[in-house]
Amino acid sequence: MLVNVLYFGMLAEATGLPLESWEVPPAASVRKLREQILDKYPALRDRKFKIAVNQQMVDETLLLPPLAEVALLPPFAGG
Amino acid sequence: MLVNVLYFGMLAEATGLPLESWEVPPAASVRKLREQILDKYPALRDRKFKIAVNQQMVDETLLLPPLAEVALLPPFAGG
Amino acid sequence: MIHKPKKVFVDGPISPQFIADSIAKHQSKTTIGAHNIFLGQIRADEKAGGTVTGIEYTAYTDMAEQAFHDIREAAFARFKLTCMHIYHSLGLVPTGEISLFVFVSSPHRRATFEALEFIVEEIKAKVPIFGKELVGQAGDYTWKENK
Amino acid sequence: MIHKPKKVFVDGPISPQFIADSIAKHQSKTTIGAHNIFLGQIRADEKAGGTVTGIEYTAYTDMAEQAFHDIREAAFARFKLTCMHIYHSLGLVPTGEISLFVFVSSPHRRATFEALEFIVEEIKAKVPIFGKELVGQAGDYTWKENK
């Protein structure tokens, strides 16, 4: 199952790209995807980030829907 | 002893003048002066006001110094 | 720190352009991170005699200037502010126009929120300013009273 | 009441003139008695590598616009407001310039104080906007994080 992952700010800097498709097992959780991403980009282990799925903040137990838009969000700095 | 009395806003309207000299007994209190003023201008009995002496809010037990600047202040409306 | 007495009263309404110029002057003060501005605007309230068309402000000016000065000093003592400006109208301010402009600046937002509210409440309660609300077209009026 | 989604993001700094124009547009709304404005300005903070010269803002724009919309709706539901406007910069905002402009208006002051603080805190906490603080002249930078 494919999901689209967006990286922002310092995370895009660490991965070297803003957007990437990931293949995950059917009914994979956010946590599972997070682990795959950290395996590929160990530099992200030191960074604080939260995860949004389809533009909603979620916790890691959520099961990813197909074609989910997943965003890795570093600390907010608006204002 | 002479004191100068200033009337503002709706009070000046009721007295018909903004400024007036009053003769009061030596060591007269603010309350005493207030009574004299209300006797001369009964219309002021219906009006809310506070009294400042030499530009400080005071209570009515204060004894008036000679040549005091006494101000009758209706409710404030700044802003 | 002693802050020099500043002119607060302006003749008639305070214009949006005056506010813009005041904001622009603070762009060289690069320790500022947050500005907070309060504006009082004249409402077209409905009264028994008709609609309010404006407020004519008068003041016990000597005492009022001292009161503004005391409020400034108290706010600088209580809150970590970089700048503070207060302007208030005298004379006629028509409905829809601005009669009070309070402007505080600080490195961080918290001080500006607390200071602005403190200053506005103090002005309303402690400064001897009087307002005649002009009502309708026949020359009627009522006297305004702060709550 | 449904409020139509409004454009929040602007390219680069927010000018004092833009703020003045926004204030002027409210003079025809004669139920308004109080305006309250928050401005975020870029500080020249000292960092290890030198002085901050500006912040480069990026955002997850789709989610951010939805977050701004939700904050607007929540503020209209909680506070008795006549108007509310929020503008935030994207791209480079140099030190001393304004990156956030929040503007609330109401018949009475109390609602504006409470609403303004609520909105600013919500924006800082919930809107996915990211800031790269440019430091010194050698191309160094740090990532900003709201507290």
Side-chain angles (χ1 to χ4, degrees), chain B residues 2-22 24 29-31 33-34 36-38 40-79, chain C residues 8-10 14 38-43 45 52 54-71 86-91 93 97-102 116-117 119-134 139-147:
Chain B
L2 275 179
V3 297
N4 294 308
V5 178
L6 306 172
Y7 307 105
F8 287 96
M10 68 176 78
L11 308 179
E13 203 172 74
T15 61
L17 79 187
L19 168 65
E20 192 175 24
S21 277
W22 279 86
V24 293
S29 67
V30 170
R31 176 173 297 127
L33 172 62
R34 182 191 181 100
Q36 286 186 228
I37 294 171
L38 292 180
K40 179 167 177 186
Y41 301 110
L44 292 188
R45 291 185 191 278
D46 307 333
R47 311 288 162 101
K48 266 197 293 189
F49 61 88
K50 292 179 177 172
I51 295 180
V53 173
N54 293 335
Q55 303 178 22
Q56 300 288 328
M57 304 306 299
V58 295
D59 79 51
E60 305 206 334
T61 59
L62 182 87
L63 302 186
L64 291 163
L67 295 173
E69 178 176 304
V70 179
L72 269 57
L73 304 174
F76 299 168
Chain C
V8 169
F9 285 119
V10 298
I14 296 161
F38 181 86
L39 304 174
Q41 182 169 301
I42 310 300
R43 286 192 312 271
D45 283 354
V52 172
I55 295 182
E56 209 175 278
Y57 285 106
T58 54
Y60 183 10
T61 48
D62 287 354
M63 183 176 164
E65 280 166 5
Q66 183 61 46
F68 279 123
H69 180 73
D70 293 346
I71 293 168
I86 304 173
Y87 298 97
H88 198 292
S89 299
L90 286 183
V93 183
E97 305 247 17
I98 291 163
S99 58
L100 173 62
F101 169 30
V102 182
L116 189 70
E117 190 167 344
I119 294 165
V120 172
E121 296 301 334
E122 287 283 290
I123 291 171
K124 300 253 180 192
K126 295 194 179 163
V127 183
I129 295 172
F130 316 105
K132 194 188 214 177
E133 292 179 313
L134 309 180
D140 291 348
Y141 60 87
T142 60
W143 289 96
K144 181 173 178 254
E145 176 172 351
N146 282 342
K147 300 203 177 64

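In what follows, chains are A, B, ... by sequence order, proteins preceding strands, each numbered from 1.
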Item checked: C/Met63 to B/Met57 - nearest heavy-atom pair and separation ->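 Closest approach of C/Met63 to B/Met57: CE-SD, 3.4 Å.
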
Check: Where do C/Gly131 and B/Ala77 come nearest, in terms of heavy atoms and distance?
Finding: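 Nearest heavy atoms, C/Gly131 then B/Ala77: N-CB, 3.5 Å.
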
Checklist line | Part of B/Lys50 within contact of chain C (heavy atom distance under 4.5 Å) | finding: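 Neither part; nothing is under 4.5 Å.
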
Notebook entry, point to check: Which of the residues C/Thr58, C/Leu100, C/Val127 is involved in the greatest number of heavy-atom pairs with chain B at under 4.5 angstrom?
Noted result: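 It is C/Val127.
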
Next item on the list: Give the member of C/Val102, C/Asp62, C/Val120 that has the highest number of heavy-atom pairs under 4.5 Å with chain B.
Entry: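 The option with the most such pairs is C/Asp62.
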
Note to self: Checking B/Phe8 now: which residues fulfil ring pair (Phe, Tyr, Trp, His ring centres under 6.0 Å) with it, not counting sequence neighbours?
What the structure shows: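 With sequence neighbours excluded, B/Phe8 shows a ring pair (Phe, Tyr, Trp, His ring centres under 6.0 Å) to C/Tyr60, C/Phe130, given in chain and number order.
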
Checking [X] against chain B: side chain, backbone, both or neither under 4.5 Å from a heavy atom?
X: C/Lys147; value: neither
X: C/Lys132; value: side chain
X: C/Ala125; value: backbone
X: C/Ala59; value: backbone
X: C/Phe38; value: neither

Next item on the list: With side-chain contact (heavy atoms from CB on, under 4.5 Å) as the test, would you mind laying out the steps for B/Arg47 and C/Trp143 before giving the verdict?
Entry: CA-CA 11 Å; B/Arg47 311 288 162 101; C/Trp143 289 96; 5.8 Å; no

Notebook entry, point to check: Which is it for B/Lys48 and C/Glu145 under the side-chain contact (heavy atoms from CB on, under 4.5 Å) test, yes or no, and what are the steps along the way?
Noted result: CA-CA 10 Å; B/Lys48 266 197 293 189; C/Glu145 176 172 351; 2.4 Å; yes

Check: Any donor and acceptor pair, going by atom type alone, linking the side chain of C/Asn146 with main-chain N or O of B/Gly78 inside 3.5 Å?
Finding: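 Yes.
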
Item checked: Non-neighbouring partners of C/Gln66 that pass side chain to side chain contact (heavy atoms under 4.5 Å, CB included), sequence neighbours left out ->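 Side chain to side chain contact (heavy atoms under 4.5 Å, CB included) list for C/Gln66, sorted by chain: C/His69, C/Asp70.
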
Notebook entry, point to check: Who among B/Leu73, B/Asn54, B/Leu6 has the most heavy-atom pairs with chain C under 4.5 Å?
Noted result: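 Top count of heavy-atom pairs under 4.5 Å with chain C: B/Leu73.
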
Margin query: Is it the case that atom NZ in C/Lys126 sees more than 12 heavy atoms from other parts of the structure closer than 6.0 Å?
Written below: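 Counting other residues, nucleotides and ligands, NZ of C/Lys126 stays at 12 neighbours or fewer.
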
